[in-house]
Number of protein chains: 2
Amino acid sequence: MRLAGCAAELRRGEVATKIACEGSRRLADLAIAFLEVAVVTLEDVAKHAGVSLATASRVLNGSTRQVGASLRARVELAAAQLGYRTNVAAQTLARGAANVVGLVVHDLVDPYFAALADGAMRVAESRGLMVMVGTTHRDTEREIAYVSTLNAQRVRAVLLAGSRTADLRATRRLREELDRYREGGGRVACVGQDLLGADTVAPGNREGAAALAAALAGLGHRRFAVLAGPTGLITARDRTAGFAEALAGLGLPAPHVVHGSFDRDGGYAAVGEAVKAGATCVFAVNDVMAVGALAALRDRGIRVPDDVSVAGFDDIATLRDLVPALSTVRLPLAHMGARALELALDPADEARVEKIPGEVVLRESTRRLG
Amino acid sequence: MRLAGCAAELRRGEVATKIACEGSRRLADLAIAFLEVAVVTLEDVAKHAGVSLATASRVLNGSTRQVGASLRARVELAAAQLGYRTNVAAQTLARGAANVVGLVVHDLVDPYFAALADGAMRVAESRGLMVMVGTTHRDTEREIAYVSTLNAQRVRAVLLAGSRTADLRATRRLREELDRYREGGGRVACVGQDLLGADTVAPGNREGAAALAAALAGLGHRRFAVLAGPTGLITARDRTAGFAEALAGLGLPAPHVVHGSFDRDGGYAAVGEAVKAGATCVFAVNDVMAVGALAALRDRGIRVPDDVSVAGFDDIATLRDLVPALSTVRLPLAHMGARALELALDPADEARVEKIPGEVVLRESTRRLG
DNA sequence: CTGTTAGCGCGTTCAA
DNA sequence: TTGAACGCGCTAACAG
């Protein structure tokens, strides 16, 4: 048992005193008296209970327990009395793997990632795993750095949530970093595109956008605009492409495509050009952008859906009470996050790709034309 | 260097082969060839570089570096060639403290917590710390369990975000768990009420609500209702109390208080009774509840703000584009999360409480009464 | 079922 | 500056 009253200031070596507690009643009491400032180890517990280290380990941290009832009780009592806390670092070192998973997201404030994270964290919790979260704020370098750190942490699995970019060099380096991690036995899954040779939960961006286009065309719209987000973001690209392809397939004119940032302000800024181009229906490639678009239209006195229809993508729960209610493509985000972590945690021989279909939901923000 | 091709399946002991790499060119090449399936340790790097373990350690992980340039270069080269990854668990064990902080929140999908988390994570990143996140989903037991786990992880600090409940027994047990953690040198901070004897960032719930009440009274409102959330949640209580007290101070009648859940559905369900009671102005104790209230009013054909005014609390960024724009009390959430972690990380002699004032923001959802 | 013992990989004295 | 050696706390053979 090491004294560690102000462990933050103390370093090993400054702590000279050791308290022996060989089972003697008095010494045990002494030990308990010192509890307030002591770090109790498994060895302390074993001694206090009068058993071997191994037995104590089996009782307190072992998986398949095979310890007699009386010894078990003694160990548990001793642990409780001394206030024993497992030292996870020691466990991890001895076992070679941590009970931790890593989660790398772009931005927790974005409800899309929050929902994914929530789903993943529920799975983690159900399996007794802690979650280490890294936020990249869309910085590719940081994403790579997080994978590296999580690798050093020997986490059981890494979940990469969020669209890949078209930056091939960055993707390549990320992949190398992931390979390093996998070489050490790590498992990887991602939500987004199947570009990393890992288990992937792939939202049906193309198909969903196509279905949305068809539905909107079904409302009589002919002149579309797409608030397409950044050119480099594959999710944004796929949704734009799926939308455009579906229109082409229906023999309709190509949509007017406006690029911008992938967030609320991106939608706000881009929608002006969209209406100027004469679109009767604007598709923002995600809900958050759609919200920005709605705000901009409101500011310009353009009514939705009377003057122009607006649709988004994702069906973010927090945004469901918007007025007018947003037409969109629903993605089961929490499920996707959960599923991705499950894939990573239940390894298979080869990487699996699970496609998640989006469901078109038409609400008030889009109306039948004419 | 341990072979670990399928480390997940292998256990120590099954790995019999060891590759010696004593500096011989051929053996080194061999080692590199095996890189794809090997876990490289610091010892491997040291041998490969022809230096001692200590030197390798100083170069790769040491803080105050004092190693000759040539040796340094050799070590770095060897590490790069072999693809060395620090084993954080071993480091943590040897050092006694992990470069990790713990963050316990109620619900990441709630934008309130997402914003707090975001602020805290930025601070963590700026200090090279990883963040372990636990989501309690408002389960007090789970909160306690997370503190215990984070304690076992030997995290540097634990940040508890979210209101305490009035459950004294649970608070007491949480506090005991926190004490255990602190005994081992851990640091604790929380966002919310100063009930845990820890550094606290305390939003001015009472004062903010009072200021809001005054502002709304200034608009001519006299008959108020409060969507007060759960009776057991202290944040909800404080906001309700502050609001009521301010009204009393102004000589106005007490508000009609309706309890419910602290989320969107709680607001949706409670607002009916509020209007039935004849309130001209409804104060929902958080923005998310206010959104629910707006939805319910819309569903009933009650216009906001023409028929009834609605105000919230927090000023959630994601909700700023709501129609009508929500009057609320702005809290700098990201700053609060960041500040709390800073407090925990920069310990002082005694627990500090930092009060964060809320700023009343009147927007469209409240109007001057005829 | 229980105890003994040898590592897990790294940090850090201490001596050279 | 550099190296040798011990210890961090725990797990998992192996022996009994």
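Sequence lines set the chain letters: A, B, ... in the order given, protein chains first and strands last, and positions in each chain run from 1.
Distances shorter than 4.0 Å separate some side-chain N or O of B:S57 from OP1 or OP2 on C:dG11. Taking only side-chain nitrogens and oxygens, A:T55 comes nearer than 4.0 Å to OP1 or OP2 of C:dG3. Note on B:Q91: every side-chain N or O is 4.0 Å or more away from OP1 and OP2 of C:dC10. OP1 or OP2 of D:dT11 has at least one side-chain nitrogen or oxygen of A:N61 nearer than 4.0 Å. The side chain of B:T41 places no N or O atom within less than 4.0 Å of a non-bridging phosphate oxygen (OP1 or OP2) of C:dG9.
Comment: A:R122 does not engage A:E125 in a salt bridge, judged by the lack of any side-chain N to carboxylate O separation of less than 4.0 angstrom. Look at A:R182 and A:E177 and you find no salt bridge, because none of the NZ, NE, NH1 or NH2 atoms lies under 4.0 Å from a carboxylate O. In summary, A:D199 and A:R187 engage in a salt bridge, as defined by a charged side-chain N under 4.0 Å from a carboxylate O.
Of the possible donor and acceptor atoms, one in the side chain of B:R156 sits under 3.5 Å from a partner among the backbone N and O of B:A98. Side chain of A:D44 to main chain of A:T41: a donor-acceptor pair is present (N/O by atom type, distance under 3.5 Å, no hydrogens or angles).
Side-chain atoms of A:R154 and base atoms of C:dG9 include no donor and acceptor less than 3.5 Å apart. Counting distance only, with no hydrogens placed and no angle test, the side-chain atoms of A:R58 and the base atoms of C:dG3 include a donor-acceptor pair under 3.5 Å.
When rounded to the nearest whole Å, the span between CG of B:L60 and P of C:dG9 equals 16 Å. With rounding to whole Å, A:E43 atom CD is found 15 Å from C:dA6 atom P. A:D44 has its CG atom 9 Å from the P atom of D:dC10, to the nearest Å. Rounded to whole Å, the distance from CG on A:L42 to C1' on D:dA12 is 13 Å. Rounded to an integer number of Å, the gap from CG of A:L93 to P of C:dC8 is 9 Å. The CG atom of B:N87 sits 18 Å away from the P atom of C:dG7 (whole-angstrom rounding). Rounded to an integer number of Å, the gap from A:R95 CZ to D:dG9 P is 17 Å.
In this structure, of C:dG3, D:dT11, D:dG3, it is D:dG3 that holds the atom nearest to the side chain of B:A54. Minimum atom distance to the side chain of A:V51 is reached by C:dG3, of the listed D:dT2, C:dG3, C:dC8. Of the candidate nucleotides C:dT2, D:dC8, C:dC8, C:dT2 has the atom nearest to the side chain of A:L71.
Of the two residues near DNA chain D, A:Y84 and B:L53, the one whose nearest nucleotide lies more 5' is B:L53.
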